[in-house]
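In what follows, residues are counted from 1 in the order of the sequence shown.
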Amino acid sequence: MRRFKVSLRLGIMAALRGKRRVRYRHWQGFFFTMAIANHFTRTAGFCCLVLGFSSFGASAEHRQTHQGRELATNSENCYDPGDATEIRLWEDRAPGAVGDDPCRDIPYFKMYRAPGDTAPTRTAIIVMPGGGYDRLSDRKEQAPVGEYFSQKLHVTTFVLFYRLVQKNGVYRYPIPMWDAQRAIKLIRYRSNQYGFDANKLGVFGFSAGGHLATMMAVHSATDFKLDRHDVVDALNGRPDFLGLGYPVISMLPDEFASPNSLGHLLQGYEGGALSSLERYLSGQYNVTPHAPPTFLFESMDDAQISPQNSVLFSGALQEARVPHETHLFPHGKHGAGLASDIPQESEWPRMFHDWLVKSGYLP
C-alpha cells in the first residue's frame with residue numbers, strides 16, 4: 001500500500017495546482033485517475049478523504065437506509081417465459097429454490113443485442129444491478145445500461161436478475177453467488193450462439209451488484225459450494241474483465257461495509273462462521289495477481305456507500321499488480337447508473353469505452 005499512497009499524494013498535489021483531472025502511470029504500467037473539479041477547495045480535509053480513510057461521504061444513517069435509491073420491488077423484475085430475450089439460468093428449478101414464483105425463485109438474464117445495422121463486437125458484458133441484495137435497482141442500472149452498452153458500444157449485453165434475500169433469510173449467501181457464476185458460465189457456454197468471443201466476457205456491477213461482480217472476479221476458482229452440477233458448470237467462471245460503479249467491496253463492519261448489504265447477504269450467520277465470511281467476502285483481502293483487469297468509478301461524496309470501498313480495492317489491485325483504471329470524482333450520486341445528468345461523473349461511460357479499447361476488448 002505504501003507506493004499506492006505515495007502515488008495518491010502526488011496526484012492530489014498536482015490536482016490542487018489547478019488541474020481538473022490528474023492521470024498518471026503507476027509503476028509497472030498501471031493506471032490511477034483522480035477527477036478533481038477546477039474549483040475544488042484546497043483543504044487538508046481532501047487529503048484525509050483519500051489517504052486517511054475518513055468517513056466523509058457516507059453517514060451511518062444514509063448507509064443503513066439507502067435513502068434516495070431508485071429501487072424496484074421484486075414484482076417489477078419477474079421472469080417472462082414469453083419474452084425471447086429473457087433466459088433462465090437453469091431450465092428446471094434452480095439449486096436452492098423454494099418455489100417457482102417468477103418474481104422470486106427464477107434467476108434469469110435479459111439480453112440486449114447490438115443494433116441490426118451495425119457489426120457487433122466480439123465482446124460481451126454481464127450487468128449486475130445493485131440494491132442491497134434484497135431488491136434490485138431498476139430505473140438506472142438495468143435497461144439504460146444494457147441499452148447503452150449494446151447500442152453505443154455495440155457489445156452484446158446481458159442484465160442479470162439474481163435471486164434476492166427474503167425477509168426470512170431465504171436466498172442469503174451463497175445463492176446470489178451461485179446465480180452470478182452460473183450466468184457467466186452459461187453465457188460463455190453459448191458464446192457461439194450469442195455471437196461473441198468466449199474469451200472476451202466481462203462483468204459490470206453497480207453498488208451491491210459491484211460486490212457480486214467482484215466476488216466473481218476474486219473467487220472464480222471456487223463454485224461457492226454449489227450443490228448441483230451439469231455440463232455448464234464445468235466451464236471457466238472467471239470474467240475476462242471487471243467493471244465497477246460505486247461498488248460495495250468490504251463486508252467487514254469496521255472497514256466501511258454497507259450495513260444494508262452485509263445484513264441481508266449474511267442474514268442469520270453468527271459467531272465464527274460470520275467472521276470468516278465477512279473477511280472471505282471482502283474484496284480488498286482476496287485480490288491475487290490472477291484477478292481480471294478492472295475499471296472502476298466512484299464519487300467521493302457518495303452519501304450511501306463509503307467511497308473508501310473503492311479506495312481500498314484500488315489499493316489491493318495495485319499491490320497485486322493487476323492492471324486497473326480508477327476514476328474518483330469529487331461529486332456524484334449513488335445509484336445514478338449512466339449518471340447522464342451529473343457533471344464530470346457522466347463521463348464514465350466514455351472513459352469505460354476508451355479503457356475497453358486500450359485493453360484490447362474493443363476495436
Side-chain angles (χ1 to χ4, degrees), residues 1-15 22-35 46-58 202-205 210-222 237-258 262 275-300 302 305-329 351-352 355 358-360:
M1 294 293 288
R2 180 176 178 272
R3 293 182 181 177
F4 176 70
K5 291 182 178 179
V6 169
S7 295
L8 278 175
R9 289 190 184 98
L10 293 174
I12 292 169
M13 290 172 63
V22 178
R23 169 171 291 186
Y24 50 90
R25 291 181 181 270
H26 270 312
W27 55 286
Q28 297 294 334
F30 301 125
F31 289 96
F32 187 90
T33 301
M34 174 154 299
F46 177 65
C47 294
C48 294
L49 172 66
V50 178
L51 299 177
F53 302 105
S54 75
S55 60
F56 176 80
V203 296
F204 200 112
H211 179 264
L212 185 58
T214 298
M215 293 301 99
M216 297 302 100
V218 301
H219 291 311
S220 61
T222 179
R238 176 186 179 274
D240 295 298
F241 59 88
L242 172 64
L244 298 172
Y246 41 85
V248 173
I249 294 294
S250 178
M251 283 286 152
L252 290 165
D254 60 348
E255 290 190 31
F256 310 105
S258 162
L262 171 60
S275 297
S276 177
L277 284 174
E278 286 175 343
R279 189 172 184 88
Y280 182 71
L281 297 176
S282 291
Q284 71 270 30
Y285 288 115
N286 293 280
V287 176
T288 72
H290 302 292
T294 300
F295 174 95
L296 186 157
F297 81 91
E298 170 66 285
S299 62
M300 296 307 290
D302 192 322
I305 301 296
S306 172
Q308 302 308 331
N309 280 265
S310 295
V311 173
L312 286 172
F313 194 59
S314 292
L317 291 169
Q318 178 61 29
E319 286 294 304
R321 300 187 177 188
V322 176
H324 65 284
E325 184 169 306
T326 295
H327 298 267
L328 301 178
F329 298 98
M351 295 172 173
F352 181 52
W355 179 80
K358 289 184 298 185
S359 302

Suppose we screen for side chain to side chain contact (heavy atoms under 4.5 Å, CB included). Which residues come up paired with Thr222, at least two apart in sequence or across chains?
His219, Phe224, Tyr280
Could I get the full list of side chain to side chain contact (heavy atoms under 4.5 Å, CB included) partners for Ser282, not counting sequence neighbours?
Ser250, Met251, Leu252, Gln284, Tyr285
Let me confirm one number: the CD-CG distance from Glu255 to Asn309, rounded to the nearest 0.5 Å.
10.0 Å
When rounded to the nearest 0.5 angstrom, what distance separates OG1 in Thr326 from CD in Glu298?
10.5 Å
Ring centroid separation for Phe297 and Tyr246, is it under 6.0 angstrom?
yes
How close do [X] and [Y] get, counting heavy atoms only, and between which atoms?
| X | Y | value |
| --- | --- | --- |
| Pro247 | Leu244 | CG-CB, 4.0 Å |
| Leu317 | Val287 | CD2-CG1, 4.0 Å |
| Val322 | Ala291 | CG1-O, 3.5 Å |
| Pro307 | Met300 | CG-O, 3.7 Å |

Is it true that a side-chain atom of Thr294 and a backbone atom of Pro292 form a donor plus acceptor pair closer than 3.5 Å?
yes
Do His290 side-chain atoms and Ala217 backbone N/O form a donor-acceptor pair below 3.5 Å?
no
Steps toward ring pair (Phe, Tyr, Trp, His ring centres under 6.0 Å) verdict (Phe204, Phe352)
CA-CA 11 Å; Phe204 200 112; Phe352 181 52; 5.0 Å; yes
Under 4.5 Å between any side-chain heavy atoms of [X] and [Y], yes or no?
| X | Y | answer |
| --- | --- | --- |
| Pro293 | His324 | no |
| Pro253 | Leu262 | yes |
| Gln308 | Ile249 | no |
| Leu296 | Glu325 | no |
| Leu328 | Val311 | yes |

Go through it in stages, so that I can follow the logic: the residues are His211 and Leu281, the test is side-chain contact (heavy atoms from CB on, under 4.5 Å), and I'd like the CA-CA distance, side-chain angles, deciding distance and then a yes or no.
CA-CA 8 Å; His211 179 264; Leu281 297 176; 4.0 Å; yes
Take His327 and Phe295 through the test ring pair (Phe, Tyr, Trp, His ring centres under 6.0 Å) and record every step on the way to the result.
CA-CA 8 Å; His327 298 267; Phe295 174 95; 5.3 Å; yes
